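Below is one structure, written out as structure tokens; the observations come after it.
All values reported here derive from a predicted model rather than from experimental measurement. Each chain gets a letter, A, B and so on, in the order the sequences are listed, and its residues count up from 1.
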2 protein chains.
Amino acid sequence: MSENGAMPASDAAEQPEQPWNRRRLRSTNERLLLDRLRTGGAASRAQLARETGLSKPTVSSALAALEEAGLVHEVGTQAPERGRVAVLYAPDPAAGYALGIDIGRSWLRVAVADLDGAVVARADVRNRARTSGAMADLVVSTARQVVANSGVGAHEVAHAVVGTPGVYDEKQRRVRYAMHLPGWGRAGLFDRMREELGIPLEVHNDANLAALGEYTYGVGAGSRLFAYIMIGTGLGMGVVSEGRLFTGAHGGAGEIGFLPWPGRHKPGTLEDAVSGEAVVEAARHFGMTGQLTAKAVFDAAREGHGPAVEAVRLEGERIAHTVAVATAVLDPDLVVLGGGVGHSVDLLLRPVRETLRALTPLRPRIAPGRLGEDAVLLGAVATALGTARDVVFERRSAS
Amino acid sequence: MSENGAMPASDAAEQPEQPWNRRRLRSTNERLLLDRLRTGGAASRAQLARETGLSKPTVSSALAALEEAGLVHEVGTQAPERGRVAVLYAPDPAAGYALGIDIGRSWLRVAVADLDGAVVARADVRNRARTSGAMADLVVSTARQVVANSGVGAHEVAHAVVGTPGVYDEKQRRVRYAMHLPGWGRAGLFDRMREELGIPLEVHNDANLAALGEYTYGVGAGSRLFAYIMIGTGLGMGVVSEGRLFTGAHGGAGEIGFLPWPGRHKPGTLEDAVSGEAVVEAARHFGMTGQLTAKAVFDAAREGHGPAVEAVRLEGERIAHTVAVATAVLDPDLVVLGGGVGHSVDLLLRPVRETLRALTPLRPRIAPGRLGEDAVLLGAVATALGTARDVVFERRSAS
DNA sequence: GACGTGCTTAGTAAGGCTCCTTAACTTTAT
DNA sequence: ATAAAGTTAAGGAGCCTTACTAAGCACGTC
């Protein structure tokens, strides 16, 4: 999870294996209770004891410690069929906050969420920055603004995650393969943001985060192996396996833009053949004229304009090829299409499914994303939340 | 790991989350010590205490319990630069055994290994069975024979793993996609073997096991993400991520035989284009005549025979395509070529590398397998060992 | 050269502390 | 009266710390 990210300086994940002494035992049981409350909803002490296998006194004392630390609180009572009413406990969502940032080519999105994952403040800013430096400044100022709007103290934001095109190289401290953002490959850009924000900041690939977003909040929930194909300015894929991001050896897994594609004239990459620009080019090839954008082509296709329909069909075929490849290699139970063309995925689904039928006997479920343009942002929030929960839990007794 | 396999009836992996009571604490620390001894070699009590962070008395008592259970034993002494000599302990390899079985189209291989992974008995039997029933009988009788030869009691064999082409479907209790073994898709075949052998038995895909074999004993050691491409009668890929098998949603990950392949005449699958038969066909196409086998073509190419060289070059190009696809999707740091053509991989490496250079900017390390025909068998042994170690450890105090 | 002394490291013993469990008890509902 | 939630009290398992013994080497002294 963290391999792509920069950890705060205080991170101690390097020490080999902590021994399981008593202190850790208690801490693990508190964690067990907290996780149970998070995933299973509010519960009483007696209920927790039954479900976790711990004894009632242990649950009582651990819960007291958690309440003392501000991690859980009473949320009401529940009367059983007979007997004394039960006091229900639930995690306190205000025990900490997480920051998610989506840096896209044309939009910058920032959101603050509480530990329950509820977004408490958010901003969507048009990205007009011309230089990577201006861009970094915009990120920092927007993030500060959103945190201020949320009414949350900056020190209560336990963790932040940034999504960006390309792959963040931890050692070189820079992003690689971010073709569509000029200057974005400069070293130290994110160190600067981290420093100015004063919040631990992790950097991840946008397609990966979008995949996690759809997995956590969207259509991918519960999937065992789930592939998210992001089609837009570029082409990317994020893979979630057993609930965890699949990153490959160097964080480059899912960089399907590099798939070889047998171009009609010269061999190229799949990205050239599938990205938004390729749709425009195909439309031209079929006879459309004028100032075209991918969106314009899709809109025309929706109206039934012949050349546009043809271009979309061709795009569908190419995406089907991508899906076929991903399916044979990964065996997903769900493939989700999203990204910049998200609003037009409905047009693509049929040609994709039809082509796929002719290509391969393997046929995973294919669905459009449910989060639309928010997938990356929500994925960043979800990822930041994971770490934020850990951080908040870890420092519960340190104060 | 076990998702493809059938667990013994006593398996209790279903219960949600054991609480971390004291008993489990002790058990975890014993496990910590045992793992340390397994991976780090023999060590004294004091050394273990330093390395694990446990106190010396705790190490002493845990080690005493392990010795009592027969899991570790003294293996000698070591004099430090100054001071009293240390008594060294190591895991007792004879505390249990594992059984590995490789069911191939033409060979059946069986091996028994001790907990250190050392093979103590082995048999390689030509597979002449005509029916799947006869095949199952042969597996059982050979396995019994090998266990008998090893001098190990049958009840000391804690776990067995079988490798077979195809994907084992846990629910239907049968193998799917095993085209090259007639009748092999029958339901209940492996249940019968398990019953007759009286040993818990897991079934896995052969390419997956070969990947684990090369990872554990061969060229893949230490790789973060490692892909093993098995080229032979069929075409398969096994993926090892962070030391664990990557299986996909239904155990079908790496079934790259199903990759669409733009055939000259009709669209087909990659398996048709790359498998042994395709090499023969290509050689014919280039002008070779006679009763050809894949091996014959490779041998001729080694002698410099023109048409054979061409056929091998073509095969190399197609494999390069496979590698390019796997690389873009998975981002491996190592791709290993093996399988039936293992003896001729040296001939393929150059064309593969050259073609790859033209296809994609991503270039993982490519290497031939080190285990040759034994990859599947050793992978089965390695996998069985993993479970066997757990089983032996779990039942240490049950006696 | 024999031997005592001191230093160093391995391992054990005793005592205390933490935290879990069991069992009994209190509280509050039907 | 019964039943369920939750607390209190007693007991015990297992870890840690401290202090000790055991066993080797170095070296100086006789």
Side-chain angles (χ1 to χ4, degrees), chain A residues 17-34 36-37 41-69 72-90 396-397, chain B residues 17-34 36-37 41-69 72-90 396-397:
Chain A
E17 292 248 14
Q18 255 187 305
W20 289 88
N21 50 19
R22 293 183 314 279
R23 187 165 291 146
R24 190 144 180 216
L25 207 173
R26 177 53 174 269
S27 143
T28 310
N29 277 334
E30 286 179 13
R31 186 68 201 233
L32 178 68
L33 291 173
L34 190 56
R36 158 61 189 78
L37 287 176
S44 69
R45 293 171 174 80
Q47 200 175 341
L48 289 170
R50 279 193 302 269
E51 292 181 17
T52 62
L54 294 167
S55 67
K56 286 195 289 177
T58 300
V59 170
S60 274
S61 103
L63 214 51
L66 286 172
E67 189 171 24
E68 168 81 13
V72 303
H73 60 182
E74 282 189 37
V75 289
T77 58
Q78 187 182 39
E81 301 203 359
R82 271 188 301 207
R84 175 174 170 180
V85 292
V87 181
L88 298 181
Y89 281 80
R396 74 195 181 291
S397 45
Chain B
E17 291 249 13
Q18 255 187 306
W20 289 86
N21 50 21
R22 292 181 314 278
R23 186 165 295 145
R24 189 147 179 215
L25 206 171
R26 177 52 176 268
S27 143
T28 310
N29 277 335
E30 286 179 14
R31 185 68 200 232
L32 177 68
L33 291 174
L34 189 55
R36 158 60 187 79
L37 288 177
S44 68
R45 294 170 173 80
Q47 199 176 341
L48 289 171
R50 279 193 302 268
E51 293 181 17
T52 62
L54 294 166
S55 67
K56 285 195 290 176
T58 300
V59 170
S60 272
S61 104
L63 215 51
L66 286 172
E67 188 171 23
E68 168 81 12
V72 303
H73 60 181
E74 281 189 39
V75 290
T77 58
Q78 187 183 39
E81 298 202 2
R82 273 184 300 206
R84 174 174 170 179
V85 293
V87 181
L88 299 180
Y89 281 81
R396 73 194 182 290
S397 45

Inset, instruction - Could you tell me whether a side-chain N or O of A:R36 sits under 3.5 Å from a main-chain N or O of A:G41, the two making a donor and an acceptor? - result: yes

Inset, instruction - Tell me which residues in residues 42-50 of chain A put a heavy atom below 4.0 Å from DNA chain C, sorted by number, or none. - result: none

Legend entry - Nearest-Å distance for atom pair CG/P, residues B:L54 and D:dG14: 14 Å

Inset, instruction - Flag yes if more than 12 heavy atoms outside A:E67 fall under 6.0 Å of its CD atom; otherwise flag no. - result: yes

Legend entry - A:N29 side chain near C:dC20 phosphate (N/O to OP1/OP2, under 4.0 Å): yes

Inset, instruction - Would you please test B:L54 and B:L48 for side-chain contact (heavy atoms from CB on, under 4.5 Å) and show each step? - result: CA-CA 8 Å; B:L54 294 166; B:L48 289 171; over 6 Å; no

Inset, instruction - Among C:dT12, C:dA23, D:dC15, find the nucleotide with the atom closest to the side chain of A:P57. - result: C:dA23

Legend entry - Euclidean distance, A:L34 CG relative to A:L63 CG, rounded to 0.5 Å: 9.5 Å

Inset, instruction - With DNA chain C as reference, determine whether B:V87 or A:A62 sits nearer its 5' end, using the nearest nucleotide of each. - result: B:V87

Legend entry - Residue pair A:E30 / A:L66: nearest heavy atoms and the distance that separates them: O-CD1, 3.7 Å

Inset, instruction - Among A:Q47, A:R45, A:H73, find the one that has a side-chain hydrogen bond (donor to acceptor under 3.5 Å, both in side chains) with A:Y89. - result: A:R45

Inset, instruction - Return the value, rounded to whole Å, for the distance between atom NZ of A:K56 and atom C1' of C:dC20. - result: 15 Å

Legend entry - Per B:R26 side chain, nearest of listed nucleotides D:dG6, D:dG14, C:dC20: D:dG14

Inset, instruction - Using a cut-off of strictly less than 4.0 Å, decide whether B:S60 has a side-chain nitrogen or oxygen near OP1 or OP2 of C:dG11. - result: no

Inset, instruction - Grab the CZ-P distance between B:R24 and D:dC15 for me, whole Å please. - result: 15 Å

Legend entry - Spacing between A:L88 atom CG and D:dA5 atom P, to the nearest angstrom: 11 Å

Legend entry - Atom-pair distance (CG on B:L33; P on D:dG14), nearest Å: 15 Å

Legend entry - Whole-Å gap separating P (C:dC20) and CG (A:L32): 11 Å

Legend entry - Nearest non-hydrogen partners of B:V85 and B:P80, listed with the distance: CA-CD, 3.9 Å

Inset, instruction - Answer yes or no: does a side-chain N or O of A:T58 lie under 4.0 Å from OP1 or OP2 of C:dT21? - result: yes

Inset, instruction - Any chance you could measure B:L32, atom CG, to B:L37, atom CG, to the nearest 0.5 Å? - result: 9.5 Å

For nucleotides 27-30 of chain C, print each protein N/O atom paired with a nucleotide N/O atom at under 3.5 Å, atom names and distance only.
from	atom 1	to	atom 2	distance (Å)
C:dT28	O2	A:R84	N	3.2
C:dA29	O4'	A:G83	O	3.4

Inset, instruction - To the nearest 0.5 angstrom, please state how far the OG atom of B:S44 sits from the CZ atom of B:R50. - result: 6.0 Å

Inset, instruction - Take atom OH of B:Y89 and atom C1' of C:dA10, then tell me their distance rounded to the nearest Å. - result: 12 Å

Inset, instruction - Could you tell me the separation between the CG atom of A:L63 and the P atom of C:dC19, rounded to a whole number of Å? - result: 16 Å

